Structure formats: structure tokens, C-alpha cells
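Not measured: the values here are computed from a predicted model. Count residues from 1 along the sequence.
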Amino acid sequence: MANRFIAQYSFNFFLFSILSIFSSTIYAKTGDTTIVNTHQQVLIQTDPSRGSTNYYGWGQFPKSGSYQKMYAELSFQCPSGMTCGEWDYLNYIRIGKRKGTFNDSLGWEIMRLITPYGLGFNASWKHTWRFDITDFQQLFRDSIEIWYQHTGYEARNGRGWVINLNFFMIEGPETRPVLDIERIYTINPPYGNDSIFDARVPEYHWKLDPKIASAAKTTRFKIIQTGHGMDKPENCAEFCPKMRYLTIDSQILDSSYVWRDDCGSNPVFPQNGTWIYDRTNWCPGQSVWDYNFEMPNADTLAHSFDLDMQHYATTSGGANYMISAYRITYGDFTHKHDVAIEEIIRPSTDPQYARVNPMCGEPEIIVRNNGTDTIHNLYFKYGVVGGNSKTHYWTGTLSPNQKQNIRLSYGVDFTHTSTQFEVELMESNQQIETNISNNKLRSNLPPTPPLLPNKIVVLFRTNNAPSENSYRFLDAAGHIVYEKKNFTTANTINRDTFYFYNGCFTFQFSDTGVPPESYFLNEDGISWWANTADGTGTLALRNGTTGQSLKIFNGDFGTDINYDFTVGYSLNSQDLSQLPTTGKIKIIPNPSQGEFGLDLEKSGINPSLGKSEISIYNFQGQLIKSIQLEPNHSLLPWISLPELSAGMYLIQVQQGKTKWVEKWMNIHQN
């Protein structure tokens, strides 16, 4: 079963190879990247007689070297001639035996995944998850056995998964050196009796090695914890959010709920089972998040660590937690100034970001401050590789080791034929960084969003819980163009017609409103097999002129829908900044409070040729007001509309048969 593969590529060859095989997000590094495969096209199935099956794979990792980043990518797909696995089972990935440099056996868990309810997936289904395992990278030296454990009691009647597991080690200086790492425990304590839990989760004691004390700065406690079982009275530990307390030297220094509240936004959807239910730090078909608590620690005194859970008494049934915990000692950050671009969320083909791609509006990235200095501003350059680039200036506060999601300005030129998007950090705190190896990142471009007509009908039939639903249209910059909420009548067809100017838009539909008292669950879409009390709703977009169906949405979407589209141009055929309906007339200021000026100087309007007409429309296409401009009118007319309510409007200027249209946002409040 062992599969061995190692490849060290130059940067250029690494990009070429990895684009078609692994992640859709690529680190553009100055050094080499090592890729190690330990499990290639391995069929995993349950063993119902034991409850778990083990799959071992060896990988030849570097014997030495410095690596600034290490992550693993695990992919699942349905086996040929079989169906995918049916149930949400625990999968553990561990470091097993180590030969050569260490010559030992660890058995340490480094990653955990919960399998999806996959019985309804088709033969083409595939998904990939990425795990950041940089904290463990020093353990991966020489020949390493990776122990993959798949649990569950599902019968082997033509069901299973095919997995691929690859490790990426990106060469470069460590962000901050790991001076010491120790496993505290891997345990499975029952929950529901405090004394038994305390006995099964022992207090941990440690002293800092004097040899590293002078270089030590912080201690991190890394915890991988999930809850399981459905007892009485609260369905613990799978479905009960309970508080975890971390006690250091007899003092509670950290408390947090062991819980995931985002299962309805799962990128693996829809699934056959109860995938939308929030759970104890896990969702079906998702990797388990590790929890990290850090504290300053540079002395050599004796210290104690204890993990405890909120008091809970079970009356029947069984509840338990699966816990792996580690203590990690770090040295200081290598650089004072070091911001890394860690992820490109959009545009991207990464399966984890499928809910927000394809896109045409604002790109979104994740950055992390890997230096000692607090960052207050960042300067980015980005665009399609080989094409015209844009710039974005971010201001805020980014503390050491803090991550931040940043939305870049819209208007990317997608006309170039490259298949990649690139973003580069040019400056932080108005300085060029000393470590530029993590300042550039690329992603594969997803398909272009659809081109829709300028008149669109939203056809929405409510289910029995209309109060849970709302929808809105956003422009490319994320401003609300139109919003509809407060649905009150069940099982009713709503037809709403909207007119759009040329541009990029996002249709967002939400199921996060207040549920009816008769059934408290929401974030479950508008049609879900496990909630028949809510009934069945439907949602579609239609061509407002021809009635043709443009998009029919699956009602089993969980929390929300994000659907990007363009009007008047295809994303890869014309830059947003070059659209004929923008730039011909300019509204100053925009947005404004009930009044604005029209700059017609570059519009082509000639006042000496006759009168012009200004028409103001709302986004239902209704004419709100018409204003006549007499011959020889000003090229900078001032319009006052104090009676209009706040919202988005279309301003049309017409002279003869020629029309110009621009959007205007009124922020005036009556």
C-alpha cells in the first residue's frame, strides 16, 4: 500500500506542475518547494467488525532544511464502479514510524477530517481540503510513515472513497522557530460525569528546557477536539455547545465554546444527510479546526496545564470528546516586518471557496502578520497574469500573528487569456519588506460568471417559513442595489422585476431570518428532506423580456446563495472600466444626499443642437421624474430631488436618439 514520491522543483517548474495537479492557490516562492505523496489513489472502506481501518503510506521527506510553510492536501472522490461512503465518519491522519534521522514511532495526530454524507454524489464528484501543519514541519525529516485511519461501521457493499494525500514544504526562513514540541495526550474521555471526565483528562506539567529558555518567547497549546454521541437531556456531545476552560497554573486563562456554527455554509453541498446541523467543532465533509491558545513563557519554572469542560450531567446515553493536545514553544519572529499572503478566496478554483466563485466583483484574500511590528497599511498590486494590473491600499490594524480578510477594489481586467490570477504585496507600513518570499500568490481562474440580460425577474415561491428568507443584489463594489425582505405569506409566488445597468452584480439569497415558532431551525435552505415542517420553496431567475429561465437554484443550499453575473458585457471580453454606459456622464457627488451635479462635458451632448431630457428611474424600471433641459443648457446641470427616499436609482440623459445611463445612490433620509 506504500506509495513513495518526492520531487524538488525550481520555482517555475513547480508552478507549471502544480497547477494541474494540486491546489488552486500557489505560493510564489524564491526557493524550492518539496512535494511528497504518501497515499495515491488509495481505496478506503470501513471495517464494520472493528470500527476502523488503517492505511499506511511512506514518504521520503527532506533530511534537513528550513521551511517557512508546510501544508497537506487531502482529496476525496467516488471509487470507480462504486458509490461514495454514506456516513459522516471520523478520519485521523497521524505521523507513524520515522526512519533515518529519528528512527522512532510517534503516532501523533496532525489532522482530522469528517467524511461527508456521500451516497448521493455522482462519479465526477471530487473535493480537496487543505491543512496548515507548519507547527509540525520539523517532525517531517527523512523517511516518514503516514498513518491514515478511517473509522465507521458502514457495510462494504460497494461503498467507499478514493483518497490522495500530498504534503507541501515551502523552503525559506521559519516565520518563528519551533524550539520544542510535545504531545500532551490523545484521549477519548466520556462527558456527562465531571469526576470521570477529570480523571480521564489528566493535568499536564512541564518545565522549559534551560537550553532554549533564552530564545523562548511564547508557548502555544494546540487542541484538536470534536464531540460525539447523542445522550439525554441535551444530545451531547455532538449537538451541544459547551464551554472549554484552559487552566494554567491554577488560573483559567482561556474559555471558548467547542462549536462550529457555520455548517449551513459548507462548501460540500448538498449532501444526503443532516449536513446543515451545527456541531461540536465539526461539520460533515469538512476538516476539523485546531484551536490555538498562546501565552508568553520564557522561564524555567514548573508549570501546569489543565483542560476542563463546562459542568454537564447526562441522564442516559453516551457522550464523549476526541481530544489531541500539544505544547509548542516558539522563539521570536524572524522578521520585524513580514506580512504573508496566505489565501486567495476569490477568484479561485479551490473547492473550499466554491460558494463565492465564479466572481466578477471584488477579489478577496487572506493575509497574516508574521512579524513583530503592528501593521497599519498595506499596498497591493493584482490582476490576471500577463494583463493590466490594479492597485489597492488597505488601512487598519494588523497585530503580530493576526490574520485578516481583505477585499481588493473591483474592476480587474479579465480580457487577458491567462488562466491565473496574481496578487502581490508591494509595501507594508509604506516599506518594502525584507522577506518578500511570501508576498506573491497565484490562483487558478474559475469559469467566467454568466452574462444575463438587463431585465431580470426573481421568481420566488415561499415555503412554510417565509420569515427566514431575504434577498438582495449587490454591485461590483458590494453596495446594495436592491433588497427585499420581510416575507410574511407562506406558499406564495413572488415575482419581482429588476432593471440593471451594464456591470457586475451578485445575487444573494439568505435563509438566516427568524424562524417560525412552530419549528426553530433555519439555515436549512428552502427545501430540505429533514425539515418537512418548513415545506418546499422554489427560487429561479428569469429573463424579464422573454420569460426564459436563466438559473434555477437547488433549494437544499443551507445558509445562503451567492451568484455573480454580468450585464452588458462578458467578463473576459471587456474591462469593466471601459463600458460605454460608464464614463460618458459623471454624477458628482455620488453617493449624495438628495441632490447632485451632472458632468456632461465628455458625453458628446451638444446643447446647441437642442434640448436634452433627464429621466430618473428606480430599479423596478418605474419612471420617478423627468426633467427637461432647454437648448443651450449648461454642461453641468444641478439636480435636486429632496422628495426621494434613500436607495439606488438610474439616471438617464437623452439627446435625440442617443442615451447615456449611470447609477446614483441617494443616501438622503426623509
Side-chain angles (χ1 to χ4, degrees), residues 12 15-16 19 23-28 341 343-350 353-354 356-367 377-394 405-427 436 439-454 473-479 481 500-507 562-587 590 602-603 660-663:
N12 289 336
L15 286 180
F16 173 79
L19 278 173
S23 172
S24 63
T25 304
I26 298 96
Y27 282 84
I341 303 174
E343 298 273 358
I344 297 176
I345 296 176
R346 41 187 270 151
S348 173
T349 58
D350 188 327
Y353 301 130
V356 293
N357 284 285
M359 55 77 68
C360 56
E362 295 177 319
E364 186 174 359
I365 63 174
I366 301 175
V367 300
N377 54 75
L378 299 168
Y379 179 59
F380 298 96
K381 183 175 72 173
Y382 55 97
V384 176
V385 174
N388 298 322
S389 59
K390 283 184 65 67
T391 58
H392 181 84
Y393 192 74
W394 174 87
N405 282 46
I406 295 177
R407 293 177 74 97
L408 306 174
S409 301
Y410 72 94
V412 173
D413 180 4
F414 287 96
T415 58
H416 198 270
T417 57
S418 171
T419 60
Q420 291 179 273
F421 175 83
E422 180 178 86
V423 56
E424 182 175 6
L425 176 63
M426 309 302 293
E427 294 179 355
I436 62 172
N439 289 164
K440 186 183 290 186
L441 200 61
R442 289 184 178 182
S443 64
N444 289 339
L445 286 173
T448 58
L451 171 63
L452 300 188
N454 66 351
F473 288 95
L474 307 178
D475 66 12
H479 300 133
V481 175
F500 296 88
Y501 50 88
N502 288 358
C504 160
F505 301 92
T506 300
F507 175 65
N562 287 272
Y563 182 72
D564 277 30
F565 62 93
T566 58
V567 172
Y569 75 107
S570 295
L571 191 65
N572 58 358
S573 64
Q574 191 171 37
D575 182 12
L576 185 62
S577 64
Q578 299 172 342
L579 293 176
T581 56
T582 60
K584 293 293 186 180
I585 58 173
K586 185 178 292 185
I587 299 175
N590 189 9
K602 298 180 181 180
S603 66
W660 298 267
V661 180
E662 185 56 274
K663 62 177 180 176

TODO: Looking only at non-hydrogen atoms, find the nearest pair between I344 and S443 and report the distance.
DONE: CG2-OG, 3.6 Å
- [ ] To the nearest 0.5 angstrom, please state how far the CD1 atom of I365 sits from the CD1 atom of I406.
- [x] 5.0 Å
- [ ] First locate atom CD of E364, then atom CG of N357, and finally report the distance between them rounded to the nearest 0.5 Å.
- [x] 9.5 Å
- [ ] Dump the intermediate steps for side chain to side chain contact (heavy atoms under 4.5 Å, CB included) on F505 and V567, then the final yes or no.
- [x] CA-CA 8 Å; F505 301 92; V567 172; 4.1 Å; yes
Open item on the list: Could you check whether any side-chain heavy atom of Y563 comes within less than 4.5 Å of a side-chain heavy atom of L452, counting everything from C-beta outward?
Closed with: yes
- [ ] Kindly compute the distance separating CD1 (I345) from CZ (R407), expressed to the nearest 0.5 Å.
- [x] 9.0 Å
TODO: Please round to the nearest 0.5 Å and tell me the distance separating atom SG of C504 and atom OH of Y569.
DONE: 5.0 Å
Task: Residue K381 excluded, over 12 heavy atoms near NZ under 6.0 Å - done: no
Open item on the list: If we ignore hydrogens and angles and just use 3.5 Å, is the side chain of H392 paired with the main-chain N or O of F380 as donor and acceptor?
Closed with: no
Task: Atom of V481, atom of D475 and distance for their closest heavy-atom approach - done: CG2-N, 3.6 Å
Open item on the list: With heavy-atom distances below 4.5 Å as the criterion, would you say the side chains of L445 and F414 are in contact?
Closed with: yes
Open item on the list: Could you report the tightest heavy-atom contact between D564 and G361, atom names first, then the distance?
Closed with: OD2-N, 3.9 Å
Open item on the list: Between H416 and V384 (side chain of the first, backbone of the second, donor and acceptor by atom type, cut-off under 3.5 Å), is there such a pair?
Closed with: no
- [ ] Heavy atoms only: give me the nearest F421-P347 pair and the separation to one decimal.
- [x] CG-CG, 3.6 Å
Task: ring pair (Phe, Tyr, Trp, His ring centres under 6.0 Å) against F473, all qualifying residues, sequence neighbours excluded - done: F498, F500, F507
TODO: Of all the heavy-atom pairs spanning N444 and Q420, show the shortest one and how long it is.
DONE: OD1-CG, 4.1 Å
Open item on the list: Give me the atom names and distance for the closest heavy-atom approach of E422 to V385.
Closed with: CB-CG2, 3.7 Å
Task: T448: partners by side-chain hydrogen bond (donor to acceptor under 3.5 Å, both in side chains), with sequence neighbours left out - done: none
